[in-house]
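Everything quoted here is computed from the prediction, not taken from an experiment.
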There are 2 protein chains.
Amino acid sequence: MERRTPAPESLLGRLRRRDWTLTAQRRAVAEALDGAHVHLTADAVHRRAAARLPEISRATVYNVLRELAALGEVREMGGEGRAKRYDPNAVEPHHHLRCERCGALRDVHPHGTNRLRLPPGERYGFALRGVDVVFRGLCPDCARAG
Amino acid sequence: MERRTPAPESLLGRLRRRDWTLTAQRRAVAEALDGAHVHLTADAVHRRAAARLPEISRATVYNVLRELAALGEVREMGGEGRAKRYDPNAVEPHHHLRCERCGALRDVHPHGTNRLRLPPGERYGFALRGVDVVFRGLCPDCARAG
DNA sequence: ATCCAGTATTAGACATAATCTAATCACCGT
DNA sequence: ACGGTGATTAGATTATGTCTAATACTGGAT
């Protein structure tokens with residue numbers, strides 16, 4: 001039987017145990033983000049959150065997303081188009097695969113990332129904190145469309 | 001004796017041999033971009049180009065940058081802040097090291113990138129065209145500043 | 001050299017994403 | 001209930017990039 005990675009604790013669950021005031025608005029944002037393989041724009045998060053909490057403002061969504069990113073609970077990804085995307089899966093290490101044409105984005109778990117090394121002479125005194133890997137390509141739909 | 005990679009042909013040089021009308025404006029943009037380890041925003045390119053050709057318009061700079069990216073002569077990088085950055089070093093394969101705090105960006109040549117493999121089950125039918133690797137960390141100045 | 005057709009450039013209007021501001025509101029401990 | 005801290009809000013503002021329609025330039029044909 002295939003071994004499954006244990007379901008990672010949800011974003012909301014992780015937030016509960018932090019010293020971080022959990023308001024209705026913040027919960028709505030966290031719930032909008034939750035789920036695997038989700039890479040929403042701030043605007044999409046706002047739409048989803050507003051479905052539950054109609055009076056939530058855009059500013060709050062932006063505030064909360066910025067704080068979640070600062071807490072390390074979501075990853076902010078400067079993406080293909082102009083809008084940033086937010087990846088709630090900050091716990092399980094993973095990378096991304098993006099369509100160069102339509103911007104479609106998937107989570108992937110490539111082999112070999114643990115071998116990525118920056119030669120000492122190229123560290124420029126930086127304190128390294130992580131690596132992001134993005135595979136670029138054409139998704140089946142876009143490949144077909146030319 | 002250390003083997004040096006031969007100095008890559010300049011962006012301008014590469015452009016000359018293409019079937020691509022080389023106007024004064026386009027030359028100014030190419031010259032603004034040229035040089036290693038340069039990762040300018042469109043606005044910075046415009047400032048530099050305007051130093052040589054004061055009447056060049058913002059629209060032209062954006063047009064030319066978009067075309068150069070489409071030609072594969074510069075890499076357009078969705079970056080830290082809101083503004084895209086343009087990397088003229090599209091010939092020599094390389095990756096990047098970015099400061100999470102101030103956004104400083106350096107070219108690097110990490111070991112192990114040729115071992116990066118996407119398991120077949122995670123390709124989702126994509127036709128792969130490349131990989132971008134970005135090391136994240138804190139530059140010496142920002143590390144010092146806390 | 002001149003003309004022409006096609007292409008490049010331009011100023012400024014427009015669109016979009018994100019941030020800022022100042023006012024209001026909610027929660028918590030007393 | 002009161003006051004203070006911090007969260008939320010609407011709307012204005014900024015930043016970045018794109019579009020449009022008019023004009024200027026380029027390179028080839030003559």
Separation of atom CG in A:Leu15 from atom P in D:dA7, rounded to whole Å: 14 Å

Please answer: with hydrophobic residues joined when any side-chain heavy atoms are less than 4.5 Å apart, are A:Val131 and B:Val131 in the same cluster? yes

Quick test of your reading of the model: are A:Glu73 and A:Arg18 salt-bridged, counting only N-O distances below 4.0 Å? yes

When the distance from CH2 of B:Trp20 to P of C:dG6 is rounded to whole Å, what number comes out? 21 Å

Could you tell me if the ring centre of B:His96 sits under 6.0 Å from that of B:His94? yes

Of the options B:His109, B:His111, B:His95, which is the one that meets A:Glu122 in a side-chain hydrogen bond (donor to acceptor under 3.5 Å, both in side chains)? B:His109

Residue closer to the 5' end of DNA chain D, A:Ala59 versus B:Ala42 (nearest nucleotide): A:Ala59

So, is B:Arg82 close to the D:dG17 phosphate, meaning a side-chain N or O under 4.0 Å from OP1 or OP2? no

Does a side-chain N or O of B:Gln25 approach OP1 or OP2 of C:dT10 to a distance below 4.0 Å, or not? yes

Whole-Å distance, A:Asp19 CG to C:dC28 P, equals 13 Å

Mind checking if A:Arg26 touches a base, just sugar-phosphate, or nothing, with heavy atoms under 4.0 Å? sugar-phosphate

N or O in side chain of A:Thr23 less than 4.0 angstrom from D:dT8 OP1/OP2: yes

Using a cut-off of less than 4.0 Å, is there contact between a side-chain N or O of A:Tyr62 and OP1 or OP2 of C:dA18? yes

What is the nucleic acid contact for A:Asn63, judged by heavy atoms within less than 4.0 Å: base, sugar-phosphate only, or nothing? base

Whether A:Thr41 contacts C:dA17 is assessed here as follows: a side-chain N or O lying under 4.0 Å from the phosphate OP1 or OP2. Is that the case? no

Specify the separation, in whole Å, of atom CD1 of B:Ile56 and atom P of C:dG12. 17 Å

Between A:Glu76 and B:Ser57, the residue closer to the 5' end of DNA chain C by nearest nucleotide is B:Ser57

Rounded to the nearest Å, what distance is computed from the CD atom of residue A:Glu67 to the P atom of nucleotide D:dG6? 12 Å

D:dT16 P sits how many Å from B:Arg58 CZ, rounded? 10 Å

Let me know the distance between CG of A:Leu65 and P of D:dA7, rounded to the nearest Å. 15 Å

Would you say A:Arg66 places a side-chain N or O within less than 4.0 Å of OP1 or OP2 belonging to C:dT19? yes

Using a 4.0 Å heavy-atom cut-off, does A:Thr60 contact any base of the nucleic acid, only the sugar-phosphate backbone, or nothing at all? base

Using a heavy-atom cut-off of under 4.0 Å over every strand shown, decide if B:Ala83 touches base, sugar-phosphate, or nothing. sugar-phosphate

How close or far is atom P of C:dA17 from atom CE of A:Met77, stated in whole angstroms? 17 Å

Here the gap from B:Leu105 atom CG to B:Asp87 atom CG, rounded to the nearest 0.5 Å, amounts to 7.5 Å

